[in-house]
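This report concerns only the one structure given below.
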Amino acid sequence: MLFGNKSSAVDWLIVGLGNPGQKYEHTRHNMGFLTVELLAEQKGVKLNKVKFKSAYNIMNFAGAKCLVMKPQTYMNLSGEAVREAVQFYKVPADHVLVIYDDISLPVGKLRVRPTGSAGGHNGIKNIIAHLGTQDFPRVKIGVGAPGADGDMVDWVIGAPSQAERKVLVESFEKAIQAAECIIEHGCQQAMNKFN
């Protein structure tokens, strides 16, 4: 190529899952949003560009050019936003890193995975459907589960307690470190370190 790499290219998508709007802002289902907002804040960047049905921006992170996005489609249609960005930038699925909440993990516990099923998570289910593969890395943030008679929907769109919040804020920091490790060294090393 005459001028080397085209500067608009991105190496990675970092997708934080959640639901848009104030009503959902601090709910358990918005762990992905809150994590990528913290990342953007640390980088002195705002996720204020609008395209790909997302609020996003492009930043240098972990030695790579990353498009960091918060799909604005509501959780269950997250794949629409991810697919648009993937197609636009021709990013391979194994460079689509998704950060989201997981009810099967205790509050604040992280789990890094290079691939896997949706595990009942509708946002992930939709991304798998739109990408046509489940082979993309993810960082899951545990939000715990309701008691035996608790309602799952109410739980995930409910706000964590004060005590849980403290633990979760630390886990956002760890999730960013895990993302950095995945991009720089691969999933295996991140799994060894953070799981």
Side-chain angles (χ1 to χ4, degrees), residues 12-49 54-62 64 66-72 74-75 78 81-82 96-113 119-124 127 137-147 150-185 187 189-195:
W12 283 79
L13 291 189
I14 301 176
V15 186
L17 295 189
N19 283 311
Q22 252 182 325
K23 179 182 170 189
Y24 298 107
E25 215 171 343
H26 298 290
T27 61
R28 292 181 181 90
H29 229 9
N30 274 31
M31 297 298 112
F33 271 20
L34 295 168
T35 301
V36 296
E37 282 166 8
L38 178 63
L39 168 60
E41 194 180 299
Q42 289 175 352
K43 293 283 171 194
V45 173
K46 285 190 177 355
L47 300 178
N48 57 2
K49 293 186 174 178
S54 295
Y56 81 98
N57 215 322
I58 294 173
M59 60 189 80
N60 290 312
F61 172 66
C66 300
L67 184 143
V68 179
M69 63 193 284
K70 299 191 310 181
Q72 300 294 294
Y74 289 97
M75 182 63 87
S78 300
V82 174
V96 176
L97 172 56
V98 185
I99 303 172
Y100 62 101
D101 59 291
D102 190 330
I103 53 165
S104 63
L105 295 171
V107 176
K109 174 100 176 91
L110 286 197
R111 177 135 317 138
V112 174
R113 286 276 179 266
H121 194 289
N122 289 332
I124 295 296
I127 292 172
R138 55 286 305 255
V139 177
K140 310 178 195 190
I141 298 172
V143 292
D151 179 81
M152 199 51 81
V153 173
D154 288 345
W155 179 259
V156 294
I157 61 169
S161 69
Q162 211 53 52
E164 288 173 330
R165 251 181 234 168
K166 245 195 175 114
V167 178
L168 288 166
V169 167
E170 285 168 25
S171 69
F172 301 154
E173 192 64 65
K174 280 197 208 116
I176 290 169
Q177 292 165 10
E180 189 169 21
C181 189
I182 290 168
I183 292 169
E184 287 185 332
H185 307 292
C187 266
Q189 198 161 322
M191 285 162 71
N192 296 345
K193 195 169 173 186
F194 293 93
N195 287 358

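All heavy atoms count here, side chains included; hydrogens, waters and symmetry mates do not.
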Side-chain ion pair, Lys46 and Glu41, N-O less than 4.0 Å: no
What I'd like to find out is whether the side chain of Val143 reaches to under 4.5 Å of the side chain of Val107, using heavy atoms alone. no
Can you tell me how far CD1 of Ile182 sits from CE of Met191, rounded to the nearest 0.5 angstrom? 9.5 Å
With heavy-atom distances below 4.5 Å as the criterion, would you say the side chains of Met69 and Val36 are in contact? no
Between Leu34 and Ile141, does a side chain to side chain contact (heavy atoms under 4.5 Å, CB included) hold up when you go through it step by step? CA-CA 11 Å; Leu34 295 168; Ile141 298 172; over 6 Å; no
Among Leu97, Asn57, Leu39, side chain to side chain contact (heavy atoms under 4.5 Å, CB included) partner for Val68: Leu39
Can you find a heavy atom in the side chain of Ile99 that is under 4.5 Å from one in the side chain of Val15? no
Hey, could you give me the CD1/CG distance between Ile58 and Leu67, rounded to the nearest 0.5 Å? 5.0 Å
Looking at every heavy atom in both Met31 and Thr27, which two are closest together, and how far apart are they? CE-O, 3.3 Å
Does the side chain of Phe33 reach to within under 4.5 Å of the side chain of Leu17, using non-hydrogen atoms? no
Nearest heavy-atom contact between Gln72 and Pro20 is OE1-CB, 3.3 Å
Less than 3.5 Å apart, any donor N or O on the side chain of Glu173 or Gln42 sitting next to an acceptor on the other? yes
Can you list the steps and then say if Phe61 with Trp12 is a side chain to side chain contact (heavy atoms under 4.5 Å, CB included)? CA-CA 10 Å; Phe61 172 66; Trp12 283 79; over 6 Å; no
Check the pair Asn48 / Tyr56 against side chain to side chain contact (heavy atoms under 4.5 Å, CB included), numbers first and verdict last. CA-CA 6 Å; Asn48 57 2; Tyr56 81 98; over 6 Å; no
Indicate the ring-plane relationship of Tyr100 and His121, choosing parallel, tilted or perpendicular according to the 30° and 60° boundaries. perpendicular
I need the Ser78 OG to Asn122 CG distance, nearest 0.5 Å. 9.5 Å
In this structure, NZ of Lys140 is separated from CZ of Arg111 (nearest 0.5 Å) by 7.0 Å
Kindly compute the distance separating SG (Cys66) from CG (Asn60), expressed to the nearest 0.5 Å. 7.5 Å
Without swapping roles, check the side chain of Glu164 against the backbone of Ser161 for a donor-acceptor pair under 3.5 Å. yes
Looking at every non-hydrogen atom in both residues, tell me the closest pair between Thr35 and Ala175 and how far apart they are. CG2-CB, 3.8 Å
Taking the side chain as C-beta and beyond, is there a heavy-atom pair between Leu47 and Lys70 under 4.5 Å? yes
Can you confirm whether Val112 sits close enough to Pro137 that some side-chain heavy atom of one is under 4.5 Å from a side-chain heavy atom of the other? no
Looking only at heavy atoms, the pair that brings Gly108 and Ser171 closest together is O-CB, 3.4 Å
Is the shortest side-chain heavy-atom distance between Pro146 and Met152 below 4.5 Å? yes
CG of Asp151 to CH2 of Trp155: how many Å apart, nearest 0.5 Å? 11.5 Å
Grab the two heavy atoms, one from Pro71 and one from Gly16, that are nearest each other, plus how far apart they are. CD-O, 3.3 Å
Are the side chain of Asn30 and the backbone N or O of Asn19 linked by a donor-acceptor pair below 3.5 Å? yes
